[in-house]
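Both counts, for ligands and for their atoms, begin at 1 and track the order of listing.
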Amino acid sequence: MDLEQAIYGRRATRAYTHEAIDPAVLEAVIDAAIQAPSAMDGQPWGFCILRNPALLDRIADEAKALMLRNPSPGLALHRFEEMLENPDFHIFYHAPALILICSTKDSPWSQIDCILAAQNLMLAAYGKGLGTCWIGFAQSWLETDEGRAALGLPATWRPVAPIIVGRPSGGEPAPPRQKPELLWRD
Ligand SMILES: Cc1cc2nc3c(=O)[nH]c(=O)nc-3n(C[C@H](O)[C@H](O)[C@H](O)COP(=O)(O)O)c2cc1C
């Protein structure tokens with residue numbers, strides 16, 4: 001796929017078919033992720049891949065409950081409260097896979113490096129006809145001791161980017177971009 005087409009066409013996908021995604025395809029998008037630049041070539045990323053529907057359902061339920069109990073600072077809970085209280089709202093939209101990108105090194109740049117890898121992963125998945133969505137709603141729970149234990153994360157790994165991946169079951173409208181502020185300093 002043309003790069004411009006990928007950049008402009010990728011959308012946060014919130015409806016998926018039940019089709020399982022071949023592990024080789026997930027490994028291919030991870031390979032694209034690790035082509036991202038990283039500070040001092042640190043490559044401080046690890047990828048935890050979840051495909052077990054029961055585990056994904058459990059994480060979705062626990063993450064919702066935690067957010068309602070203890071909303072992260074800065075999250076305008078009132079905007080999401082009704083959605084999170086709805087038992088039918090699944091934070092992973094029943095996607096067949098979640099790739100959690102974790103920073104593996106304690107460096108000031110490792111989160112940024114993982115975020116660059118995340119964008120590569122989302123674009124590469126789109127190029128393969130897959131949908132993705134970064135699920136910030138899962139973040140707080142994944143960082144808890146319970147969340148880390150459920151995933152069996154190594155002690156040095158820190159969750160950065162929980163990204164669902166699957167075959168889209170419908171199109172997503174493109175949220176219009178606001179005009180960027182440009183400060184030309186010629
Ligand atoms: C850090 C981050 C967290 C996000 N968390 C969620 C989330 O929890 N649930 C969700 O449906 N979308 C989430 N999104 C997707 C954004 O809502 C989406 O990217 C934005 O509305 C722009 O749409 P687009 O990606 O289709 O351009 C998140 C995106 C980012 C970058």
What protein heavy atom sits nearest atom 25 (O) of ligand 1, and how far off is it?
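For atom 25 (O) of ligand 1, the nearest protein heavy atom comes out as R10 NH1, 2.9 Å.
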
Which residue supplies the protein heavy atom nearest to atom 19 (O) of ligand 1, what is that atom called, and how far is it?
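Answer, as residue, atom name and distance: A12 CB, 4.0 Å.
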
Q111 and D113 side chains, donor-acceptor separation under 3.5 Å
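No.
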
Assess whether a salt bridge exists between R69 and E62, defined as any Lys/Arg side-chain N lying under 4.0 Å from an Asp/Glu carboxylate O.
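Salt bridge absent between R69 and E62.
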
With heavy-atom distances below 4.0 Å as the criterion, list the atoms of ligand 1 near [X].
X	answer
R11	24 (P), 26 (O), 27 (O)
Y93	9 (N), 10 (C), 11 (O)
R14	10 (C), 11 (O), 12 (N), 15 (C), 16 (C), 17 (O), 18 (C), 21 (O)
C133	10 (C), 11 (O), 12 (N), 13 (C), 15 (C)

What class does the angle between the rings of F89 and Y93 fall in, given that below 30° is parallel, 30 to 60° is tilted and above 60° is perpendicular?
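Because their plane-to-plane angle is over 60°, the rings of F89 and Y93 count as perpendicular.
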
Among F80, F137, W134, closest by any non-hydrogen atom to atom 14 (N) of ligand 1
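Going through F80, F137, W134 one by one, W134 has the nearest heavy atom to atom 14 (N) of ligand 1.
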
Options P175, G9, P162, A63, ranked by nearest heavy atom to atom 23 (O) of ligand 1, top entry
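When every heavy atom of P175, G9, P162, A63 is considered, P175 comes closest to atom 23 (O) of ligand 1.
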
Taking every non-hydrogen atom, the tightest pair across Y16 and V165
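Taking every non-hydrogen atom into account, CE2-C, 4.1 Å.
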
Any idea which heavy atoms bring A95 and I164 closest together, and the distance?
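Here A95 and I164 meet closest at CB-CB, 3.7 Å.
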
Could any protein non-hydrogen atom be found less than 4.0 Å from atom 6 (C) of ligand 1?
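Under the 4.0 Å cut-off, atom 6 (C) of ligand 1 does have protein heavy-atom neighbours.
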
Hey, would you say the F80 and F137 ring centroids sit under 6.0 Å apart?
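Yes, the ring centres sit under 6.0 Å apart.
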
Any nitrogen or oxygen of P173, main chain or side chain, under 3.5 Å from a nitrogen or oxygen of ligand 1?
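Among all N and O atoms of P173, none is under 3.5 Å from an N or O of ligand 1.
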
4.0 Å heavy-atom contact, M67 with ligand 1
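No, that is not the case, since the closest heavy atom of the residue is not under 4.0 Å from the ligand.
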
Looking only at heavy atoms, is any part of Q139 under 4.0 Å from ligand 1, and if so is it the side chain, the backbone, or both, or is it neither?
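Neither; no heavy atom under 4.0 Å.
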
